[in-house]
Amino acid sequence: MSTLTPTAETLPDLEKGRRLSVDIRQYGILAALVIIVLLFEMLTGGRLLMPGNVNNLIQQNAYVLILAIGMVMVIIAGHIDLSVGSLVAMIGAITALAMNNWGLPWWAAVLLALLTGCLVGAWQGFWVAYMGIPAFIVTLAGMMLFRGLTLVLLYGGTIGGLPPAFVAIGAGWLPPALGAVGKVDVLTLVLGGLAAVGLAAQLIRSRISRQKQGFPVEGPVSFWAKIIVAVVAIMALCWQLASYSGMPIILIILAVLILTYTFVLNRTVFGRHVYAIGGNLFSAVMSGVKTKRVNFMIFVNIGMLAALAGVVSTSRAGSAVASAGQNYELDAIAAVFIGGAAVQGGVGTVIGAVIGGLVMGVLNMGLSILSVDAAWQMAIKGLVLLLAVAFDLINKRRGRR
Amino acid sequence: MSEEEPILRMRGIVKDFSGVRALDDVNLEVARGEIHGICGENGAGKSTLMKVLSGVYPPGTYTGSIEFQGKEAAFRDIKSSEAAGIAIIHQELALNPLQSIAENIFVGNERARYGVIDWNRTNNEAAELLRRVGLNERPETKVYELGVGKQQLVEIAKALAKDVSMLILDEPTAALNDEDSNHLLDLIAGLRTHGITCIIISHKLREIRRIADRVTVIRDGKTIETIDMSQPDATESRIIKSMVGRELNNMYPDRHAVIGRELFRVEDWTVHHPVQTSRVMVDKASFFVRSGEIVGFAGLMGAGRTELAMSIFGRLWGTGISGRVYKDDKEIKTATVDEAVGHGIAYVTEDRKRYGLNLIGAVATNISAVGLAKLARLGVIDRDREYLTADEYRISMNIKTPSVNEVVGRLSGGNQQKVVLSKWLLPGPDVLILDEPTRGIDVGAKYEIYGLINKLAELGKAVVMISSELPELLGMCDRIYTISEGRITGDVPRSEATQESLMHLMTMGRESVR
């Protein structure tokens, strides 16, 4: 506490109390995830966190996490995107056609997919940002339009037999370049170690620099406890992965996306403008924020991420079908709201959306292991979404009083 | 006052908000049929007290007793206080602009049989109520077609429809021009003859002095005193003294600015209405401001003051805009906010909650919103610098907040206004257009804002100050432009200006129309 600035020291106790409660809310969703994991770990007799299931949890839910990262920006800015599920299917069709019918190499097909996603995003962004049509309408139209185009592209059929290199994106692992000790992949552990060290170093560095400049920092106990928990969690995850098939390629992609977009939203002028638009559109306009351009870019971005999700889910499925991506938009939206975003816009985080996606994923997997009927799984997920948002609202209301 | 039993007696009201005492043993007695003013600085507890009375805070969340109409009263919610005959009209109007006047008057109180609305009865009774409040509009008129002044009258009609015996008005004239305010105050005075008791909360002490029979002053959650306004010593400064606990003998701080060369000039500025595009809202307006000078704009609501400012600043308002803008004798373009800011122009909005602030954002991010480029490199924000910069403003502007990470929506009006000002000072403007910079903030904060404005002039900036309060313009400005129906009708130096002479110029066009 000796490092607190005078500003923080003079805070009334009430203020400190409120800060603490804000922190609890921030970690609330993480706590919920931990509780759900522990619950299912118990109910399934320890099967939930077996290496294979941990691996599948990541590979099966990658699409929803990628979509949620794009969707959280859309929702912070006060919009919605209903078209991403259909776009996933259409991109899948285009990618499969590019490789199997047009003879493109897998990487060119992926580039083509991402480019198409950007173009589709630009198309929707144009209507939303420059024509002023509500995103709900534009993307509802997109939902039907892209689904229809998918059917046209695939003639209602399936394109299978995709190249192995492509399939590896969603369903493959990094080669065991550093060999294995017993059945445990060394590369995975090394990567995990690097991530843990990097995270800890970053947190410590920023703490020291804040202390030097006289900013308030959190107490040392909770700070170090947080680092230890994070490092243990990362290493445990990597140990389970290493004892299965190694590092899923998609996890590397996800990690890069999470870091990049957290940076974009927290540290860049663009990210600040996204929050400004969602928080008070009028004020943003009057402060000189180029709201149209920002809105346009938000849709280009989610178009690109939806395309990536399309690539990932097609590669994991190993084939393109017209029914792919059904309800993906709803999964992504649910993840974002479970992750603490506000329906009115202006509030939300990438990490929250990712945790929200994981909550849904763990529920899916846990209920599946318990062989709960798919119909009941859906019903339970619906209730969880409702409860999560209700809980958040009640909390906020109490905070305001 | 009379020996009669008071209509309302609140005794020993104590209300805590998570450990902070908002009301501390407040006593309030309102006599039957009187107009009772409640004065106090922002945050003194006026609104909280009214929320206790009207049931927004149910019994159990406060202690103390309320007696209404001679009976012990403890309202669980607004519905039950309304049933007992108490209606509250909030500062922010709560009408649905897309519905008609009649629909708004009877919302939640519909004239219906078996759930089916009786439109004849609805419209007839609404017409009768409109006559009572002196509003000459048809009941079927949609509310969005009405100005703020008329909407306020609809609110009162709505309260009257509930057969109330007590009306609580929270800052009823905050958004009204003098003409509409006068009309409203006359109406409130007239309600007395219908046996309706009024409690009026207002910062405008002139108005309180004009219509209130008695005034209760609240400071820091405590009742200070109740002043009988018929006494000869019941003056505005007496009320102010008991509000702030200190004498404000100089409402307008001294300024030592040197007026220099002309910095900013607008010529032949014409603006049309954005929807009714043939309607001229600003008509060939020309004006200039010199460095170190504070220039006022006086005009009644709808005269085109805000429209003039917002059309110059990035064409935020209006269509068919023509005219020329000069900065340092060079013609400049201000077609977007970016261009205007780039030329060193700042516009501080009259409506800080709607246009000025991201209320769910932190103080720091609000302050940095316009000048963010200064705090960023290659699009990446230096957040430490942002925090420090915001903190410098917190100190220099005396923004009362636990930290600059606090959410702006939690600050009081005066402190929010300081945040808006900080946000516009950060880019380092030379020309500041301040639209109603002291609207809805308490006396102490007003004085601070005046001091800040003076400091800006002393730094050689050109300040344009738009205000509805003539005393404020007379106290602050070197010159005052008057504007009426979109035309600039006068350019009066302070030494020659009086309220009467300004008002005459402000109403020029209207007389000839009548």
Side-chain angles (χ1 to χ4, degrees), chain A residues 4-19 21-22 76 206 209-216 263-293 342 344-348 396 398-401, chain B residues 17-20 57 61 310 313-314 316 336-342 347-349 351-361 365-366 368-373 375-388 391 394-395 401-410 420 423-424 427:
Chain A
L4 289 180
T5 59
T7 335
E9 264 167 28
T10 51
L11 286 183
D13 282 345
L14 165 81
E15 178 58 23
K16 277 181 193 155
R18 188 161 68 210
R19 259 218 205 133
S21 81
V22 168
I76 290 170
S206 115
S209 118
R210 287 180 70 81
Q211 276 174 339
K212 263 192 201 147
Q213 300 193 52
F215 290 142
F263 179 82
V264 167
L265 273 178
N266 287 342
R267 294 288 306 276
T268 67
V269 173
F270 175 78
R272 189 59 65 73
H273 285 175
V274 174
Y275 283 103
I277 288 175
N280 184 344
L281 179 62
F282 295 126
S283 157
V285 170
M286 297 197 60
S287 302
V289 173
K290 295 186 179 66
T291 52
K292 289 179 182 171
R293 191 184 299 172
Q344 307 84 347
V347 179
K396 274 181 201 158
R398 202 181 299 149
R400 217 179 292 143
R401 282 268 161 87
Chain B
F17 289 107
S18 47
V20 174
Y57 301 131
T61 63
M310 284 179 67
F313 188 75
L316 288 173
T336 65
V337 173
D338 255 14
E339 279 177 348
V341 172
Y347 169 68
V348 180
T349 169
D351 191 341
R352 61 180 166 266
K353 286 193 175 159
R354 230 173 121 206
Y355 297 126
L357 292 168
N358 174 5
L359 289 172
I360 58 173
T365 56
N366 271 286
S368 68
V370 186
L372 204 52
L375 305 171
R377 269 190 63 194
L378 303 171
V380 178
I381 301 164
D382 181 341
R383 292 206 296 180
D384 291 348
R385 252 183 80 198
E386 181 184 33
Y387 181 95
L388 291 173
D391 210 48
R394 177 182 68 79
I395 295 163
T401 171
S403 93
V404 293
N405 292 325
E406 178 73 324
V407 171
V408 165
R410 290 211 179 99
V420 184
K423 152 175 158 173
W424 284 106

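A quick note: this is a predicted structure, and the numbers were derived from the prediction, not measured. Letters A, B, ... mirror the listed sequences (proteins, then strands); counts begin at 1.
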Engineer: Using non-hydrogen atoms only, which part of B/Ser368 is less than 4.5 Å away from chain A: side chain, backbone, both, or neither?
Structural biologist: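 Contact with chain A is through the side chain of B/Ser368 alone.
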Engineer: Under a 4.5 Å heavy-atom cutoff, which of A/Gly279, A/Ala276, A/Gly278 has the most pairs with chain B?
Structural biologist: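 Ranked by heavy-atom pairs under 4.5 Å with chain B, first place is A/Gly279.
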Engineer: Counting only heavy atoms closer than 4.5 Å, note whether B/Val380 contacts chain A via side chain, backbone, both or neither.
Structural biologist: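 Both backbone and side chain.
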Engineer: Which bit of B/Leu316 comes within less than 4.5 Å of chain A, counting heavy atoms only: side chain, backbone, both or neither?
Structural biologist: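 Interface part for B/Leu316: side chain.
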Engineer: State, with a plain yes or no, whether a side-chain heavy atom of A/Ser283 is found less than 4.5 Å away from one of B/Lys423.
Structural biologist: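 Contact flag for A/Ser283/B/Lys423 side chains = yes.
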Engineer: Side chains of A/Ser209 and B/Asp384: closer than 4.5 Å at any heavy-atom pair?
Structural biologist: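 A side-chain contact exists here, since the closest heavy-atom pair is under 4.5 Å.
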Engineer: So, do B/Trp424 and B/Val341 sit near enough that their side-chain heavy atoms are less than 4.5 Å apart?
Structural biologist: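 When only atoms from C-beta onward are counted, B/Val341 and B/Trp424 do touch, with a gap below 4.5 Å.
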Engineer: So B/Arg354 and B/Thr349, do their side chains get closer than 4.5 Å, heavy atoms only?
Structural biologist: no
Engineer: Can you find a pair of side-chain heavy atoms, one from B/Leu359 and one from B/Lys353, that are under 4.5 Å apart?
Structural biologist: yes
Engineer: Of the backbone (N, CA, C, O) and the side chain (C-beta and beyond), which part of A/Val289 lies under 4.5 Å from a heavy atom of chain B, both, or neither?
Structural biologist: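 For A/Val289, there is no contact with chain B at all, as no heavy atom is under 4.5 Å.
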Engineer: I need the residue from B/Glu386, B/Met310, B/Glu339 with the largest number of non-hydrogen atom pairs under 4.5 Å to chain A.
Structural biologist: B/Glu386
Engineer: If you apply the rule side chain to side chain contact (heavy atoms under 4.5 Å, CB included), what do you find for B/Val420 with B/Leu357, and how did you get there?
Structural biologist: CA-CA 7 Å; B/Val420 184; B/Leu357 292 168; 3.6 Å; yes
Engineer: Does any backbone or side-chain atom of A/Arg272 lie under 4.5 Å from a heavy atom of chain B? Answer side chain, backbone, both or neither.
Structural biologist: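 Just the side chain, heavy atoms under 4.5 Å.
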